[in-house]
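Here's the structure, in structure tokens; my notes come after.
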2 protein chains.
Amino acid sequence: MNISQDATATGLPAKTIRYYEEIGLIRPERSDNGYRTFTQTALHQLHFLARARALGFSIDDCRSLLMLWEDRSRASSDVRKIAAAHLSEIEAKIADLTAMQNTLKNLVQTCHGNDRPDCPILNTLSGVSSD
Amino acid sequence: MNISQDATATGLPAKTIRYYEEIGLIRPERSDNGYRTFTQTALHQLHFLARARALGFSIDDCRSLLMLWEDRSRASSDVRKIAAAHLSEIEAKIADLTAMQNTLKNLVQTCHGNDRPDCPILNTLSGVSSD
DNA sequence: ACTTGACCTTCCAGCGACTGGAACCCCTAT
DNA sequence: ATAGGGGTTCCAGTCGCTGGAAGGTCAAGT
């Protein structure tokens, strides 16, 4: 299987797959002409990576998860630890974004959005406390 | 006022303030020794930027907002447009993250997290559909 | 006067995870 | 022979800083 077929199979762009090789996440074999060839196992790994990245895991986490996946003597607690840490980061981000969302929603609702300069959004940003 | 006093006043690191000058967001004056000096106006701008960045606006948005702020003949609709666009990006991000959160929460709850290899997190990532 | 140490300056490199593009090789079909 | 659609490498850029090196300046202490 060539890289572009892989790309469509896994949903990852070919560029990304090459990048994953470059940083040592995967080690696809090469055929005589120098083209990358992907075995079934390699395809599985790419699928795994695609799903892990889609869940927001960092490349470093992906590396660890991949190693754990391939380690049959792993402890599931190690996997869970990574996932739990990632989950709490996500929850922190959601909290941050939700705070921004609340403020912005409020401001956007309050602003008349007409052709006059008067604007509660700018007032807030400039520190004119209208809260 | 020197840059580090500014930094503590606005909460922005000195490095960031220099960076803002480098990219043309602000134009602090210089005293004879080459040090940046910040007028009251410049300080206001920095505060403005700090608040806008804290609300997640991109540097480009900040640039536009700053220009609008200083433009007395602005239309508040232009400000609102920027804020509304940003708000919907934030909402999209929250939606993405919440989806991840739900999946991860579920997986973390399901995983025993012990010393055995059996792990629903890895199962899901590897495509063993347990959903 | 001299030194110390804290500040300031510039410039350059690196982060994460790609993404775009240039320049070139390979394979197949016409 | 050529045209096209693959593949390859390598280098630069994205965003918003952040760290560090190398050096200039200032205020205080000896």
Side-chain angles (χ1 to χ4, degrees), chain A residues 1-38 42 45-46 48-66 82 85-86 89-90 92-93 96-97 100, chain B residues 1-38 42 45-46 48-66 82 85-86 89-90 92-93 96-97 100:
Chain A
M1 225 181 187
N2 276 355
I3 195 165
S4 69
Q5 299 168 302
D6 255 34
T8 52
T10 59
L12 294 170
K15 276 259 174 191
T16 299
I17 298 176
R18 290 195 195 97
Y19 171 69
Y20 286 173
E21 180 181 13
E22 192 190 322
I23 61 172
L25 261 188
I26 52 169
R27 274 169 230 286
E29 302 183 355
R30 301 291 180 131
S31 44
D32 293 348
N33 58 13
Y35 288 16
R36 288 168 184 82
T37 53
F38 293 84
Q45 289 179 339
L46 283 178
F48 183 97
L49 289 171
R51 292 201 194 88
R53 292 289 301 131
L55 281 178
F57 284 105
S58 71
I59 292 283
D60 250 25
D61 281 350
C62 287
R63 201 186 301 272
S64 307
L65 290 170
L66 205 49
I82 294 172
H86 178 45
E89 273 178 25
I90 284 190
K93 265 187 204 158
D96 285 355
L97 288 172
M100 294 178 193
Chain B
M1 224 182 188
N2 276 355
I3 195 163
S4 70
Q5 299 167 302
D6 256 33
T8 51
T10 59
L12 295 169
K15 277 258 175 194
T16 299
I17 298 177
R18 291 195 195 98
Y19 171 70
Y20 287 172
E21 180 183 13
E22 192 191 324
I23 62 172
L25 262 188
I26 52 169
R27 274 169 229 288
E29 302 183 355
R30 301 290 181 131
S31 43
D32 294 348
N33 57 13
Y35 288 16
R36 290 169 184 82
T37 53
F38 293 83
Q45 290 179 339
L46 282 179
F48 183 97
L49 289 172
R51 291 200 195 88
R53 292 289 301 132
L55 281 177
F57 284 104
S58 71
I59 292 281
D60 249 25
D61 281 349
C62 287
R63 200 187 303 272
S64 307
L65 290 170
L66 204 50
I82 294 172
H86 178 47
E89 272 178 24
I90 284 189
K93 264 187 206 159
D96 285 355
L97 288 172
M100 293 177 192

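We name chains A, B, ... by the order of the sequence lines, and we start the count at 1 in each one.
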Pairing donors with acceptors under 3.5 angstrom, does anything connect the side chains of A:Ser31 and A:Asn33? yes

In degrees, rounded to 10°, what is the bend between the two ends of the helix from C:dA1-D:dT30 to C:dT30-D:dA1, using five pairs at each? 30°

Protein proximity profile, nucleotides 6-20 of chain C - base contact B, sugar-phosphate-only contact S, no contact -, cut-off 4.0 Å on heavy atoms: -BSBBB-----BBSB

Heavy-atom check, side chain of B:Arg53 versus side chain of B:Tyr20, under 4.5 Å: yes

Residue set satisfying ring-ring contact (aromatic ring centres under 6.0 Å, His included) with B:Phe38, at least two apart, ordered chain then number -> none

Counting distance only, does the side-chain N/O of B:Gln5 pair as donor-acceptor with the main-chain N or O of B:Asn2 below 3.5 Å? yes

Shortest non-hydrogen contact from B:Ile90 toward B:Leu55: CD1-O, 4.0 Å

Atom CD1 of B:Ile17 and atom C1' of D:dT18 are separated, to the nearest Å, by 14 Å

For a side chain to side chain contact (heavy atoms under 4.5 Å, CB included) check, start with the C-alpha distance between A:Ile3 and A:Thr37, then their side-chain angles and the critical distance, and finish with the verdict. CA-CA 7 Å; A:Ile3 195 165; A:Thr37 53; over 6 Å; no

When you check the gap from the basic side-chain N to the acidic O, do A:Arg36 and A:Glu29 get nearer than 4.0 Å? no

Would you check if A:Glu21 and A:Arg18 make a side-chain contact, meaning some heavy-atom pair closer than 4.5 Å? no

Tell me the interatomic distance from B:Ile23, atom CD1, to D:dC17, atom P, rounded to whole angstroms. 8 Å

